[in-house]
Amino acid sequence: MSNLQTPNRFRSLYWLQIASIALASSAVSAADRVTEDQIIQALTAKKELARSITTNPRVDPSVQASFVERIRGLERVLTPDEREQVAVITEDKPQIDLEITFDYNSAEINSKALPSVQTLGRALGSPDLKGATFVVAGHTDAAGLEAYNQDLSQRRADSIKRYLIQNFGVPGEDLVTVGYGKTKLKDPGHPFAEVNRRVQVSNISSANNSTK
């Protein structure tokens, strides 16, 4: 009888191992996924100015405030000079990189990206962040033509903005979108790496980097 039971025992052990591996993978995936609290903490953190306002006048708080007010609620795509001004400002502002991936040659939010976008929507609606001005910046890796990547990254950022407005009631004037294409790689040493295909969210509110 023991010989007849042996295969069943092995099969049970096999499926138990498979289940354990699946649970472990799920735990790692859940641990890697950014949470609402992590987004809130990142976007309310204090940051020191990296440059003197005497060497870069666009870091001057009054200049920043004027520029931010001008680009709030814009319906058009930012000009190259405006994109660079946004890049200068966001370097010293609270920000977070989100792993929001898209299908190849698409700006539609897919099922894989949806949980991260929804978590972002809940975070931006929190009392700690309500009323702040945010930059939603799209980035690509180095593959493809520069003009094409620029347009694709802009459309992806715009897609996220539309979703946040329609599904979470985030005011459109609080969201400034910008596409950087492949011009600002997170890992220049590995230009085709997945880490470069990201969405970066920055809190550019001028009053002490906080909404309080």
Side-chain angles (χ1 to χ4, degrees), residues 34-45 58 61-103 106-111 113-140 149-181 184 197-212:
V34 68
T35 67
E36 183 179 335
D37 285 341
Q38 287 172 327
I39 293 176
I40 294 172
Q41 290 173 12
L43 294 180
T44 54
R58 286 186 294 189
S62 62
V63 175
Q64 283 189 15
S66 176
F67 175 72
V68 170
E69 189 61 31
R70 180 160 59 86
I71 63 175
R72 275 176 54 90
L74 277 183
E75 296 296 329
R76 62 171 174 79
V77 174
L78 298 182
T79 66
D81 182 64
E82 288 170 337
R83 289 201 302 266
E84 287 308 309
Q85 285 185 272
V86 169
V88 170
I89 292 174
T90 56
E91 282 185 13
D92 298 315
K93 296 293 186 178
Q95 59 187 232
I96 186 170
D97 285 343
L98 300 177
E99 187 179 337
I100 300 177
T101 58
F102 292 81
D103 292 333
S106 174
E108 297 297 320
I109 299 172
N110 60 27
S111 57
L114 193 57
S116 294
V117 181
Q118 291 173 334
T119 301
L120 175 62
R122 290 191 295 271
L124 296 188
S126 72
D128 290 322
L129 294 174
K130 191 172 183 180
T133 302
F134 305 97
V135 169
V136 179
H139 300 265
T140 69
N149 283 355
Q150 172 62 45
D151 177 70
L152 182 60
S153 63
Q154 180 67 50
R155 289 191 288 116
R156 287 175 172 175
D158 289 340
S159 180
I160 293 172
K161 176 179 178 176
R162 284 193 301 272
Y163 188 89
L164 294 175
I165 293 172
Q166 295 170 2
N167 294 276
F168 290 91
V170 179
E173 60 269 22
D174 291 350
L175 300 171
V176 177
T177 60
V178 57
Y180 288 114
K184 300 185 183 301
R197 302 191 295 269
R198 71 198 193 280
V199 171
Q200 186 181 68
V201 180
S202 305
N203 179 355
I204 60 170
S205 300
S206 58
N208 297 322
N209 291 349
S210 173
T211 59
K212 295 180 180 179

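Everything numeric here is computed off the predicted structure, so don't read it as measured data.
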With rounding to the nearest 0.5 Å, note down the distance linking [atom1] in [X] to [atom2] in [Y].
X    : Y    : atom1 : atom2 : result
L114 : I100 : CG    : CD1   : 10.0 Å
E36  : Q41  : CD    : CD    : 11.0 Å
I109 : S116 : CD1   : OG    : 10.5 Å
L43  : F134 : CG    : CZ    : 6.0 Å
T44  : D128 : OG1   : CG    : 6.0 Å
L120 : I40  : CG    : CD1   : 10.5 Å

Grab the two heavy atoms, one from [X] and one from [Y], that are nearest each other, plus how far apart they are.
X    : Y    : result
H139 : K184 : ND1-O, 3.6 Å
I89  : V68  : CD1-CG2, 4.5 Å
D97  : R198 : OD2-NE, 3.4 Å
Q118 : F168 : O-CZ, 3.4 Å
Y180 : Q150 : C-OE1, 3.7 Å
G138 : A157 : N-CB, 4.1 Å

Ion pair present between R162 and D158, side-chain N to carboxylate O less than 4.0 angstrom?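 Looking at D158 together with R162, the answer is no, because their closest N to O distance does not fall below 4.0 Å.
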
Evaluate the side-chain proximity of L124 to K130: yes if any heavy-atom separation is below 4.5 Å, no if none is.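 No, every pair of side-chain atoms sits at 4.5 Å or beyond.
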
Quick one: does V176's side chain get under 4.5 Å of L74's, heavy atoms only?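 The answer is no, as the side chains (C-beta and beyond) never meet within the 4.5 Å cut-off.
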
Side chain of [X], backbone of [Y]: donor and acceptor closer than 3.5 Å?
X    : Y    : value
T119 : T35  : no
T140 : G181 : yes
S159 : R155 : no
N203 : P94  : no
S66  : V63  : no
K161 : L175 : yes
Q95  : T90  : yes
S202 : I204 : no

Walk me through whether Q154 and T177 qualify under side-chain contact (heavy atoms from CB on, under 4.5 Å). CA-CA 7 Å; Q154 180 67 50; T177 60; 3.2 Å; yes

Could you walk me through whether V199 and V136 satisfy the side-chain contact (heavy atoms from CB on, under 4.5 Å) test, starting with their C-alpha distance in whole Å, then the side-chain angles of each, then the deciding distance to 0.1 Å, before giving a yes or no? CA-CA 7 Å; V199 171; V136 179; 3.9 Å; yes

Apply side-chain contact (heavy atoms from CB on, under 4.5 Å) to the pair R156 and R197, showing each step before the final yes or no. CA-CA 11 Å; R156 287 175 172 175; R197 302 191 295 269; 5.6 Å; no

